[in-house]
Amino acid sequence: MPAIVIIGAQWGDEGKGKATDLLGSRIDYVVKFNGGNNAGHTVVIGNQKYALHLLPSGILTPGVTPVIGNGVVVDIEVLFDELDALIARGVDVSKLRVSANAHLITHYHRTLDKVTERFLGSRSIGTTGRGIGPAYADKINRVGLRVQDLFDENILRQKVEAALDQKNHLLVKIYNRRAISADEVVETLLSYAERLRPMVADTALELHHALEAGKNVLFEAGQATMLDVDHGTYPFVTSSSATAGGASTGSGIGPGQISRVVGIVKAYTTRVGAGPFPTELFDASGEFLRSQGFEFGTTTGRPRRCGWYDAPIARYSARINGVTDFVLTKLDVLTGLETIPVCVAYEVDGVRFDEMPVSQSDFHHAKPIYEEFPGWNDDITGARTFADLPKNAQDYVLAIEKISGSRISVIGVGPGRDEVIVRHDLLGDE
Ligand code: GDP
Ligand code: IMO
Ligand code: MG
């Protein structure tokens, strides 16, 4: 089993961190290939709860080599804060590898993220304010800073000055903010360089060697399919490739190496920030999902928008990513509902859409067409086999499996590491 990719199949926060952790001890490398500290993964191990942002969730498993790939944007200050917090809790972080080609998030990216959002007013995206969009914009504009630039002061200074030349005009003349000093930015970045140096590597080469040696490499996406810059609900997306293809460009391994794509999907849907969301609930049911599922952002603490399961989105994700297996999380959150609606198609201005409409305007107006399934009341958090689930819960899983485009191999019944039902081994041949 060479490379396996884990992706979010909805709008994020599906439980990717827990899924990575679940496979932990059987994996040799866990690679983050996109995004940055906009991600928030909560992993619960025994009575310990960890919130990870920039670091791959695999860092919590002894023996795993965590890798930050070239497709990630790295805020070094955040990186060290996160590492120090883990070290203080006794986690061994010494194996971390950081790609020399990953881009850096600096003070001016964070500032620009916040001021541009404010400038957009009612049209804002609701970003996490971590500087993600501006850092990726610089990368594509070819004025970005890379990790390797930290080790050539001359080059670093030239690049920061070139980037700020233009940005300070924007900040001062358009956004009415103070100019940012290139010297200060360079000084701050250089102050981290020596601590970072031993972690920096040609991670594409190391992963190539690992795969050649038959190691298990897991690629863990941040964000999700519907937030992907190409395939998501643009412009209400993040600025990176959060879909399975991103695992290849964001790490430097060939797509042919990927043998399995695991889509993480919640038994209902959530979204943080602005943008279309057909099954969103504004009533007591939405409040029920939010409070039962504890749906508050790991990164920003914002209450998540909640809605019913959306099968066209699951099918779309299965197709875009080539999902081989789904992990269905948070089934336990639905316990106590009399009936559970599932969106099976949309209606747009009187026309039925069985698949995601390609037009964003249509998707904005899409009304869900629901099928209702009977609920269950028994506590399912102790279920460890499919047969342990109440009949109605089994039927719900089988019904959504049938319309979601791939098999459901694992079912989450609680936040804990062992609170799962495994129907098919994600690393097995079956
Ligand atoms: P990620 O960003 O995809 O890694 O997901 P988050 O960590 O942001 O959000 C998922 C939340 O659901 C976390 O608090 C997890 O501990 C929790 N979680 C994951 N799987 C399950 C499950 O099966 N049941 C319950 N109740 N909680 C879960
Ligand atoms: P994980 O990995 C949920 C959302 C933001 C905003 C949009 C753009 O925990 O699933 P950005 O700061 O990336 O430019 O914001 O994307 N967003 C997420 N929503 N989970 C995440 O990560 C997210 N990362 C970004 O709320 O709508
Ligand atoms: Mg999250």
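Bear in mind the structure is a predicted one, so any value in this text is a computation, not a measurement. All residue numbers in this chain count up from 1 along the given sequence.
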Walk me through it: do Asp138 and His109 pass the test side chain to side chain donor-acceptor pair (under 3.5 Å)? CA-CA 9 Å; Asp138 276 4; His109 297 117; 2.9 Å; yes
Residues in salt bridge (Lys or Arg N to Asp or Glu O under 4.0 Å) contact with Arg157, at least two apart in sequence or another chain: Glu153, Asp183
In chain order, what residues pass the ring pair (Phe, Tyr, Trp, His ring centres under 6.0 Å) check against Phe151, with sequence neighbours excluded? none
Under 3.5 Å, is there a donor-acceptor pair between the side chain of Asn70 and the main chain of Thr249? yes
Determine, stepwise, if the pair Thr127 / Asp113 fulfils side chain to side chain donor-acceptor pair (under 3.5 Å). CA-CA 8 Å; Thr127 72; Asp113 194 357; 2.9 Å; yes
Between Thr299 (side chain only) and Ala39 (backbone N and O only), is there a donor and an acceptor less than 3.5 Å apart? yes
Check the pair Arg302, Thr128 against side chain to side chain donor-acceptor pair (under 3.5 Å), reporting the backbone distance first and the verdict last. CA-CA 10 Å; Arg302 289 179 286 180; Thr128 58; 6.0 Å; no
Under the side chain to side chain contact (heavy atoms under 4.5 Å, CB included) rule, collect the residues that match up with Glu372, sequence neighbours excluded. Thr339, Pro341
Listed once per pair and sorted, the side chain to side chain donor-acceptor pair (under 3.5 Å) pairs that draw on residues 76-92, sequence neighbours left out: Gln48-Arg89, Asp84-Arg195, Asp92-Ser94
Not counting sequence neighbours, which residues clear salt bridge (Lys or Arg N to Asp or Glu O under 4.0 Å) with Glu212? List them please. none
Contact check, side chains of Thr381 and Glu419, non-hydrogen atoms, under 4.5 Å: yes
Out of Lys266, Arg290, Arg305, which residue meets the side chain to side chain donor-acceptor pair (under 3.5 Å) rule with Glu295? Lys266
Exam field: side chain Ser359 to backbone Asp362, donor-acceptor pair closer than 3.5 Å: yes
The salt bridge (Lys or Arg N to Asp or Glu O under 4.0 Å) partners of Glu371 (sequence neighbours excluded) come to none
Donor-acceptor check, side chain of Lys18 to backbone of Gly414, threshold 3.5 angstrom: yes or no? yes
By side chain to side chain contact (heavy atoms under 4.5 Å, CB included), which residues pair with Arg407, not counting sequence neighbours? Arg260, Asp325, Glu401, Ser409, His424
Whether Lys32 side chain and Gly36 backbone form a donor-acceptor pair below 3.5 Å: yes
Test side chain to side chain donor-acceptor pair (under 3.5 Å) on Thr335 and Asp332 and set out the steps. CA-CA 5 Å; Thr335 301; Asp332 53 300; over 6 Å; no
Sequence neighbours left out, what pairs pass ring pair (Phe, Tyr, Trp, His ring centres under 6.0 Å) with at least one residue falling in residues 223-278? Trp11-Phe277
Side chain to side chain contact (heavy atoms under 4.5 Å, CB included) involving Asp152 - partner list, sequence neighbours excluded: Asn154, Ile155
Mind checking what makes ring pair (Phe, Tyr, Trp, His ring centres under 6.0 Å) contact with Phe363, not counting sequence neighbours? Tyr346
Is His209 reaching over with its side chain to a backbone N or O of Glu206, donor-acceptor style, under 3.5 angstrom? no
Quick one: do Arg130 and Asp75 make a salt bridge, cutoff under 4.0 Å? no
Partners passing side chain to side chain donor-acceptor pair (under 3.5 Å) against Lys391 (at least two apart in sequence or in another chain): Asp395
Lys114: partners by salt bridge (Lys or Arg N to Asp or Glu O under 4.0 Å), with sequence neighbours left out: none
For Glu355, does the CD atom have more than 12 heavy-atom neighbours from other residues, nucleotides or ligands under 6.0 Å away? yes
So with a 6.0 Å cut-off around CD of Glu184, is the heavy-atom count from everything else above 12? no
